Enquirer: 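Encoded as structure tokens, here's the structure I'll be asking about.
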Amino acid sequence: MPADSTARLERGDVIVLPHFRVPIEPDERGLFSPAILGAAKNASFDPASGRLTGTALDATGSGQLLGMMRRFSETAAGLLDRLFPRYAGRVVRARASFRPAEIAGRETSWRKDDTRLHVDSFPATPSAGRRILRVFSNVNPDGRPRVWRVGDGFDAVAARFAPRLRMPLPGSGHLLAWLRITKSPRTPYDALMLQLHDRMKQDREFQSTSPQVQVSFAAGTTWLCFTDEVSHAAMSGQYQLEQTFLLPVDAMERPERSPLRILERLKGRRLT
Ligand code: SIN
Ligand code: FE
């Protein structure tokens with residue numbers, strides 16, 4: 001089964017675990033309100049430092065939220081080890097988030113509007129080609145689903161937009177790091193992925209007419225996919241836990257299927 005999961009994941013599937021429910025303790029019920037947020041749209045937990053950010057909760061509430069997120073983060077890491085033994089020791093656990101705000105009807109700029117199809121790329125934290133693997137769990141206490149649109153494969157999307165993706169100026173990636181706009185130099189790969197994210201979200205015709213399916217994740221469901229590859233849009237839903245992992249391309253069974261290698265083929269040059 002695990003070998004099979006790895007092949008499916010690397011093929012660009014969303015792997016759904018309908019019965020993998022993340023348990024919520026009775027005293028954590030109070031955390032299920034958008035009012036726990038500060039100015040940020042999510043609360044976030046960094047497993048490396050053990051720090052929690054983005055919440056307006058008092059010390060008691062923060063302690064509870066930290067406990068819930070740490071438990072989820074460790075559960076997600078254990079799940080990954082079981083599903084993808086090949087990645088063991090290579091995959092890095094990054095931040096986790098708790099998303100208590102309703103998605104539908106939320107006001108944001110087009111760039112931050114995740115109801116538009118996109119692939120993930122982080123402006124401040126370049127991946128330098130590493131894969132972004134995310135585990136999501138719908139923990140809605142009222143039994144409401146989280147609804148996504150899932151779009152066309154990365155090959156097709158990248159081929160469509162590649163002629164509009166511009167190589168960054170030499171040295172600009174290091175300048176961004178020096179100015180502390182990014183945490184590490186933005187590689188040409190990261191620059192192209194950010195443009196791809198933006199061009200996808202800005203293209204109305206692509207949003208409405210490109211191949212896509214609606215997927216509804218029931219409450220109590222966990223799912224995971226490479227979000228740097230899978231075109232996705234979150235349309236509605238409230239209360240989700242999410243854990244991000246980073247995976248070096250050479251840890252993949254089929255590295256040639258990574259966005260890095262696909263973009264390198266389309267651009268005819270190395271990008272990291
Ligand atoms: C996203 O990664 O675009 C949002 C996913 C979600 O919140 O369901
Ligand atoms: Fe996304």
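Given the structure is predicted, the values throughout are model-derived calculations rather than measurements. Whatever order the structure lists ligands and atoms in, that order sets their numbers, starting from 1.
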Enquirer: Identify whether NZ of Lys or CZ of Arg in Arg131 sits under 6.0 Å from the centre of the six-membered ring of Phe226 and within 45° of that ring's axis.
Expert: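 Yes, a cation-pi geometry.
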Enquirer: Write out the residue and atom name of the closest protein heavy atom to atom 6 (C) of ligand 1, then the distance separating them to 0.1 Å.
Expert: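 Looking at atom 6 (C) of ligand 1, the protein heavy atom closest to it is Gln240 NE2, 3.1 Å.
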Enquirer: Closer than 4.0 angstrom: is that true for some heavy atom of Glu242 and an atom of ligand 1?
Expert: no
Enquirer: Which N, O or S atom name in His118 marks its closest approach to the Fe ion (ligand 2)?
Expert: NE2
Enquirer: Starting from atom 4 (C) of ligand 1, find the nearest protein heavy-atom neighbour and note its residue, name and distance.
Expert: Arg99 NH1, 3.3 Å
Enquirer: For ligand 1, note which part of His232 has a heavy atom under 4.0 Å away: side chain, backbone, both or neither.
Expert: side chain
Enquirer: In this structure, is the centre-to-centre distance between the rings of Phe206 and Phe161 below 6.0 Å?
Expert: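 They qualify: ring centres under 6.0 Å apart.
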Enquirer: Looking only at non-hydrogen atoms, which of Met235, His118, Arg116 approaches atom 3 (O) of ligand 1 most closely?
Expert: His118
Enquirer: Check the angle between the aromatic planes of Phe136 and Trp223 and answer parallel, tilted or perpendicular using the 30° and 60° thresholds.
Expert: parallel
Enquirer: Report the distance from atom CZ of Arg116 to atom CZ of Arg111, rounding to the nearest 0.5 Å.
Expert: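 Arg116 atom CZ to Arg111 atom CZ measures 11.5 Å (nearest 0.5 Å).
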Enquirer: Taking 4.0 angstrom as the limit and counting only heavy atoms of Arg134, give me the atoms of ligand 1 inside it, by number and element.
Expert: 2 (O)
Enquirer: Looking only at the side chains, is there a donor atom on one of Arg204 and Gln207 sitting less than 3.5 Å from an acceptor on the other?
Expert: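 Per modelled atom types, Arg204 and Gln207 side chains form no pair under 3.5 Å.
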Enquirer: Hey, is CZ on Arg164 packed in by over 12 heavy atoms from elsewhere, all under 6.0 Å?
Expert: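 More than 12 heavy atoms, drawn from other residues, nucleotides or ligands, come within 6.0 Å of this atom.
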Enquirer: May I ask you to identify the nearest protein heavy atom to atom 8 (O) of ligand 1, giving residue, atom name and distance to one decimal place in Å?
Expert: Arg146 NE, 2.7 Å
Enquirer: Taking the six-membered ring for Trp, are Phe98 and Tyr239 parallel (under 30°), tilted (30 to 60°) or perpendicular (over 60°)?
Expert: parallel
Enquirer: With rounding to 10 degrees, what does the angle Asp120:OD1 / the Fe ion (ligand 2) / His232:NE2 come to?
Expert: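 Between OD1 of Asp120 and NE2 of His232, the angle at the Fe ion (ligand 2) is about 100°.
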